[in-house]
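These notes are about the structure you will find just below.
Chain letters run A, B, ... following the sequence lines, proteins first and then strands; every chain starts at 1. Since this is a predicted model, take the numbers as computed values, not measurements.
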There are 2 protein chains.
Amino acid sequence: MKIRVMLVDDHLVVLRGLKFFLNTQRDIEVIGEVENGEKALNAYEKWKPDVVLMDLMMPVMDGVEATKKLREAHPGAKVVVLTSYSDQDHVIPALQAGAVGYQLKDVDPDELVKTIRAASKGEKLLHPKATNLLLEQMSSGGEKKEPDVHFKLTNREKDVLFQITLGKSNKEIASDLYITEKTVKTHVSNLLSKLQVHDRTQAAIYAMKENLFADRSEESK
Amino acid sequence: MKIRVMLVDDHLVVLRGLKFFLNTQRDIEVIGEVENGEKALNAYEKWKPDVVLMDLMMPVMDGVEATKKLREAHPGAKVVVLTSYSDQDHVIPALQAGAVGYQLKDVDPDELVKTIRAASKGEKLLHPKATNLLLEQMSSGGEKKEPDVHFKLTNREKDVLFQITLGKSNKEIASDLYITEKTVKTHVSNLLSKLQVHDRTQAAIYAMKENLFADRSEESK
DNA sequence: GATCATCTACACCATTGGACCGAAAACATG
DNA sequence: CATGTTTTCGGTCCAATGGTGTAGATGATC
């Protein structure tokens, strides 16, 4: 009985390539491919794969979100994350979301196959870099950098902060978001105190350095 | 006679997958794979492929650099860029470096195959997004972004701008530079009009995006 | 010496930004 | 339904910001 694998990646080229490669393995069978997290949820219902190979950066619904929802609906689902990022902002959330494997795209393909096999048996296999991160996290007592800070921002506050990083004035933001300037000022005041900075310029600098909004950079124009 | 293709990508998984996929095409043959730009140069000498499929983001030597050097040594080399980025900071440099094709990883695999076939005949095929960027570039008169602008800033104005990128207020800047706040305001006014922006936040954003002060970033503390 | 750019400084004034206060409405969650 | 959060809007008050104009001191350049 082969291991039935479902692929989730917005890079169709990668998707196609992975499919051909994995199908050359005698104990693995790719039974489905989708290009974003949202489709993955429905597809899982339909195909009930043994293992889901999931990219992280995707439009519509990213891999962390998809993994979380998938595991909520199907606690037994085995998700292996396959991505290019090995920083703590990706590794930790993914594993907390319930991923049972984490591999980087620059890993030896055979290693990826091993991870899939391990996952199908319920074992966990991580890329060395991911493991390192976990250990660092443990040793530092799990206090992260500055705990969350920006994750405490509400959605609207994030919207406003994003506008600030575009150099907009409160008035412009108000007109862009279809709210009054008063409201914008409220949001600005609140987000400034949450970020612990003193003015919008510092907020913009912070947002850019932490590159929040890496995702929104497209929709800006 | 098959089209002989060489792959350059630091993601071994993608590399392996692409190889299997492309080899299923009856007129394409993958004759070599390397994982960074530097190795690509030597590999090209050895294999003399018809087409090089090149990733952009790689360690050691990135795709733009590799393409440039490859085309210098072998003007007839046909490089197709395959990447995830479609912004002008990647597209333009890659094409200027001499790439004859530009595709995104989320493109339909068949489209990628077409691009390779076109490249082998000396034809150029770009992803729609890349084409759009080119056209925008043309219509804006080809004057690139805004030439220099910031180089017209006096030394003192640069000092002040740098302080702004640190999030300082006029008062703080004044005390740091041992001048009065009035003077700082003068400098700020002048540099804002030279940069053609309306407030200090936009100035800070501009400076960070253009990363002026890459040199000073150390002395900041 | 005359000229020009730069750096410094000030005055006046309108606009913007932000803190602090309250509060209604929508919404999720228990 | 009670509770808490989020989003919205209002007002007051004051500091910060920025435009415009003027002007003295310095130093480089012709």
Side-chain angles (χ1 to χ4, degrees), chain A residues 61 65 68-69 71-73 97 147-208 212-213 216 219, chain B residues 146-208 212-213 216:
Chain A
M61 185 188 295
E65 188 69 13
K68 199 176 297 177
K69 297 206 170 171
R71 297 271 307 178
E72 280 171 8
D148 327 34
V149 185
H150 56 266
F151 289 109
K152 298 168 106 171
L153 293 186
T154 67
N155 288 329
R156 208 50 168 168
E157 285 161 355
K158 286 181 195 167
D159 290 340
V160 173
L161 178 55
F162 176 61
Q163 296 286 322
I164 289 177
T165 66
L166 298 180
K168 304 270 185 71
S169 69
N170 287 340
K171 194 170 294 183
E172 289 171 320
I173 295 173
S175 114
D176 279 19
L177 298 185
Y178 304 106
I179 53 181
T180 66
E181 194 183 342
K182 315 283 185 179
T183 307
V184 175
K185 284 176 137 189
T186 303
H187 289 315
V188 172
S189 278
N190 292 336
L191 72 86
L192 289 183
S193 78
K194 284 186 182 176
L195 297 183
Q196 299 181 49
V197 295
H198 296 94
D199 56 52
R200 57 172 53 231
T201 304
Q202 290 181 359
I205 294 168
Y206 174 83
M208 294 183 73
L212 319 176
F213 312 131
R216 306 200 195 188
E219 71 191 63
Chain B
E146 323 91 47
D148 331 43
V149 185
H150 55 267
F151 290 111
K152 300 166 100 174
L153 294 186
T154 68
N155 288 329
R156 208 50 168 170
E157 285 161 355
K158 285 182 195 167
D159 290 340
V160 173
L161 178 55
F162 176 61
Q163 296 287 321
I164 289 178
T165 66
L166 298 181
K168 303 271 186 72
S169 69
N170 288 340
K171 194 171 295 181
E172 289 171 321
I173 295 174
S175 113
D176 279 20
L177 298 184
Y178 303 106
I179 54 181
T180 67
E181 193 184 343
K182 318 282 186 180
T183 306
V184 174
K185 288 174 106 177
T186 303
H187 289 315
V188 172
S189 279
N190 292 336
L191 72 87
L192 288 184
S193 78
K194 284 187 184 176
L195 297 183
Q196 299 180 50
V197 296
H198 296 93
D199 56 52
R200 59 176 48 233
T201 303
Q202 289 181 359
I205 293 168
Y206 174 84
M208 293 184 74
L212 320 174
F213 312 130
R216 307 200 195 186

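To the nearest angstrom, P of C/dT6 lies 11 Å from NZ of B/Lys158. Residue A/Leu161 contributes atom CG, which lies 13 Å from atom P of D/dT7 at whole-angstrom precision. One interatomic measurement links the two molecules: CG of A/Leu191 to C1' of D/dT6, which rounds to 14 Å at whole-angstrom precision. Atoms NE2 (A/His198) and P (D/dC14) sit 21 Å apart, rounded to a whole Å. One interatomic measurement links the two molecules: CG of A/Asn190 to C1' of D/dT5, which rounds to 12 Å at whole-angstrom precision. If you take CD1 of A/Ile173 and P of D/dT8, they are 13 Å apart, rounded to a whole angstrom. If you measure from atom CG of A/Asp159 to atom P of D/dT6, you get 14 Å, rounded to the nearest angstrom. Atom pair B/Gln202:CD and D/dT17:P shows a separation of 15 Å (rounding to whole Å applied).
Between B/Asn170 and D/dA16, a side-chain N or O to OP1/OP2 separation shorter than 4.0 Å is absent. The phosphate of D/dT8 has OP1 or OP2 within less than 4.0 Å of a side-chain N or O from A/His187. Side-chain N/O atoms of A/Thr183 include none lying less than 4.0 angstrom from OP1 or OP2 on D/dT7. Taking 4.0 angstrom as the limit, B/Lys185 places none of its side-chain polar atoms (N or O) nearer than this to OP1 or OP2 of D/dG19. The shortest distance between the side-chain N/O atoms of B/Ser189 and the OP1/OP2 oxygens of D/dG19 is below 4.0 Å.
B/Thr183 and B/Thr180 form a side-chain donor-acceptor contact under 3.5 Å, judged by distance and modelled atom types alone.
Closest to the side chain of B/Lys171, from the set D/dA16, C/dT8, C/dT6, is D/dA16. Considering only the side chain of A/Leu192, C/dA19 comes nearest among C/dT8, D/dG18, C/dA19. Each of C/dG17, C/dC7, D/dG18 was ranked by its minimum atom distance to the side chain of A/Glu181; first place goes to C/dG17.
When all heavy atoms of A/Ala204 and B/Thr201 are compared, the pair lying nearest together is CB-CG2, 4.0 Å. The minimum heavy-atom distance between A/Asp176 and A/Gln163, with the atom names listed, is OD2-OE1, 3.6 Å.
Contact annotation for A/Thr186: base contact, defined as any heavy-atom pair under 4.0 Å involving a base atom. Here B/Thr180 lies in heavy-atom contact (under 4.0 Å) with sugar-phosphate atoms only.
No donor-acceptor distance shorter than 3.5 angstrom exists from the side chain of A/Glu172 to the backbone of A/Lys168, with no hydrogens or angles considered.
When each of B/Leu177 and A/Val188 is assigned the nucleotide of DNA chain C with its nearest heavy atom, B/Leu177 is the one assigned upstream, toward the 5' end.
Put simply, CD1 on B/Ile164 and CD on A/Gln202 are 12.0 Å apart, with the number rounded to the nearest 0.5 Å.
Between the side chain of A/Lys182 and the base of D/dG10, no donor-acceptor pair of N or O atoms lies under 3.5 Å.
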